[in-house]
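The block underneath contains the structure these notes are about, expressed in structure tokens.
Note that these values count all heavy atoms, side chains included, but never hydrogens, waters or copies made by symmetry. This structure is a prediction, so every number in the text was calculated from the model and none was measured. Per chain, numbering begins at 1; letters A, B, ... match sequence-line order.
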2 protein chains.
Amino acid sequence: MADVKSGASPLFLREEELRQCIELLFFAYRDFTAGPDKILKEYNFGRAHHRVIHFVWRNQGISVSELLDILRITKQSLSRVLNALVERGFIEQRPGVTDRRQRLLYLTEKGQALEHKLSEEQRNLVAKAFREAGGEAVAGYRQVLSGLINEEDRETVLKRILGN
Amino acid sequence: MADVKSGASPLFLREEELRQCIELLFFAYRDFTAGPDKILKEYNFGRAHHRVIHFVWRNQGISVSELLDILRITKQSLSRVLNALVERGFIEQRPGVTDRRQRLLYLTEKGQALEHKLSEEQRNLVAKAFREAGGEAVAGYRQVLSGLINEEDRETVLKRILGN
DNA sequence: ATTTTACGTCAGCCATGTTGACTTAAATTT
DNA sequence: AAATTTAAGTCAACATGGCTGACGTAAAAT
């Protein structure tokens with residue numbers, strides 16, 4: 001009874017540790033995403049545009065449905081954002097060669113330039129955190145975050161991240 | 001010249017590694033936050049409510065301005081969410097003892113129950129990832145994520161997470 | 001007595017998510 | 001060849017949760 005509340009109880013410590021790590025994820029994500037927002041504003045874009053730019057850059061020639069699967073949003077939500085990017089010349093659509101129903105997505109040079117500009121600060125931030133933490137810590141980071149990915153499609157996602 | 005594009009270039013590898021870790025953070029966060037959303041819907045609450053519930057639970061008696069500082073949103077945004085939680089009896093406001101302008105926030109029993117319900121799946125998920133990754137990996141995870149927190153208030157934030 | 005601070009409200013706007021219904025063209029199946 | 005399924009798009013309406021700006025009140029600090 002008493003040791004349920006005891007600070008020395010391993011069960012309590014475990015839960016407290018979990019909570020801390022959950023908060024850590026919140027704060028890290030909060031500050032990590034804060035960077036690009038300023039730049040995006042100058043272009044009258046938002047985070048949604050950034051996500052599209054990022055994943056099209058990483059997966060040149062991705063189909064719309066694949067992109068939808070990554071972002072986990074509806075095609076109606078995507079279309080608003082995607083249309084803006086296409087109209088303003090950041091993304092180009094080309095019909096698929098084997099399946100001409102597809103409209104495969106590519107970043108234009110302008111789009112690539114923006115991608116680079118947007119990710120620069122983030123890359124510097126992560127690079128600094130990595131340098132300070134060391135290689136082993138980075139390995140741990142990767143392991144734990146991989147474990148947080150939904151088990152059902154973890155393999156697929158990891159494959160995509162690491163480059164098929 | 002040539003080795004700028006060479007796959008063996010350490011500079012290229014470094015950048016590629018960074019990109020991978022950035023994506024990892026995106027996917028992990030995406031799947032990590034997906035859990036509570038179902039439960040929240042049953043209550044007609046959203047993620048914003050969850051965040052408030054979480055941080056009030058972790059900082060019983062927190063003032064409104066402190067909460068605003070954590071969430072990094074405007075008081076007008078907070079008020080909508082907070083008022084709903086107070087009206088429906090999940091959160092209680094009490095005037096501060098030393099400073100009676102403050103309306104310190106507390107979770108009611110009902111609020112604590114909801115917090116527990118909401119975090120349960122998340123805690124299980126993180127616990128599983130930790131078990132699979134091992135203690136060293138967890139230490140790395142913590143180190144790297146700490147490094148991603150905005151340098152200016154990192155100390156303050158870490159203090160809050162770890163419990164002053 | 002004045003100013004500042006903590007908190008609150010009203011009103012309106014914007015970004016980005018949702019559902020549902022319907023279209024078109026190409027690919028696939030029967 | 002005809003029917004069905006699939007990839008993608010569109011229109012419309014709505015919800016959530018951010019934002020700005022203006023203004024109010026009570027308590028604390030100067």
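- Residues satisfying the salt bridge (Lys or Arg N to Asp or Glu O under 4.0 Å) test with K41(B), not counting sequence neighbours, are none.
- Sequence neighbours left out, the pairs with a member in residues 106-117 of chain B that pass salt bridge (Lys or Arg N to Asp or Glu O under 4.0 Å) are R19(A)-E115(B).
- Side-chain atoms of V157(B) and L24(A), non-hydrogen and from C-beta on, never get closer than 4.5 Å to each other.
- Applying the side-chain hydrogen bond (donor to acceptor under 3.5 Å, both in side chains) test to residues at least two apart or on different chains, the pairs with a partner in residues 76-88 of chain A are T74(A)-S77(A).
- Summary of helix geometry: the two end axes of the helix from dA1(C)-dT30(D) to dT30(C)-dA1(D), each defined by five base pairs via their C1' atoms, are inclined to each other by 30° (rounded to 10°).
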Would you tabulate the side-chain donor-acceptor contacts of residues 129-142 of chain A under 3.5 Å, counting partners in other chains and residues two or more places apart, or write 'none'?
| residue | atom | partner | partner atom | Å |
| --- | --- | --- | --- | --- |
| Y141(A) | OH | C21(B) | O | 2.9 |
| R142(A) | NH2 | Q20(B) | OE1 | 2.6 |

Checklist outcome for this item: Each nucleotide of nucleotides 1-14 of chain C classed B (base within 4.0 Å of a protein heavy atom), S (only sugar-phosphate) or -, in 5' to 3' order, makes ----BSBBBB----
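- With values rounded to the nearest 0.5 angstrom, L107(B) atom CG is found 10.0 Å from F90(B) atom CZ.
- A 4.0 Å heavy-atom criterion places the boundary nucleotides of DNA chain D facing chain A at dT6(D) to dC11(D), written 5' to 3'.
- Y106(A) belongs to a hydrophobic cluster whose other members, connected by ILVMFWY side-chain contacts under 4.5 Å either directly or through intermediates, are L104(A).
- Inter-residue side-chain proximity for R160(B) and E23(A) is flagged as unmet; no heavy-atom pair is nearer than 4.5 Å.
- Comment: R72(A) does not engage D37(B) in a salt bridge, judged by the lack of any side-chain N to carboxylate O separation of less than 4.0 angstrom.
- Counting only heavy atoms from C-beta outward, the side chains of R14(A) and R123(B) never approach each other to under 4.5 Å.
- By the ring pair (Phe, Tyr, Trp, His ring centres under 6.0 Å) test, F26(A) is found to be paired with F55(B), residues two or more places apart in sequence or in another chain being considered.
- Alongside V97(A), the hydrophobic cluster contains no other residue (criterion: ILVMFWY side chains under 4.5 Å).
- Taken residue by residue, residues 39-57 of chain A places heavy atoms nearer than 4.0 Å to DNA chain C at G46(A), R47(A), A48(A), H49(A), R51(A).
- Looking at residues two or more places apart in sequence or on another chain, you find no salt bridge (Lys or Arg N to Asp or Glu O under 4.0 Å) involving R51(B).
- Regarding I73(A), its CD1 atom lies at a distance of 15 Å from the C1' atom of dT19(C), rounded to whole Å.
- Mapped onto DNA chain C by nearest heavy atom, S77(A) and T98(A) fall at different nucleotides, with S77(A) at the one closer to the 5' end.
- Here the C1' atom of nucleotide dG17(C) and the CZ atom of R30(B) are 16 Å apart, to the nearest Å.
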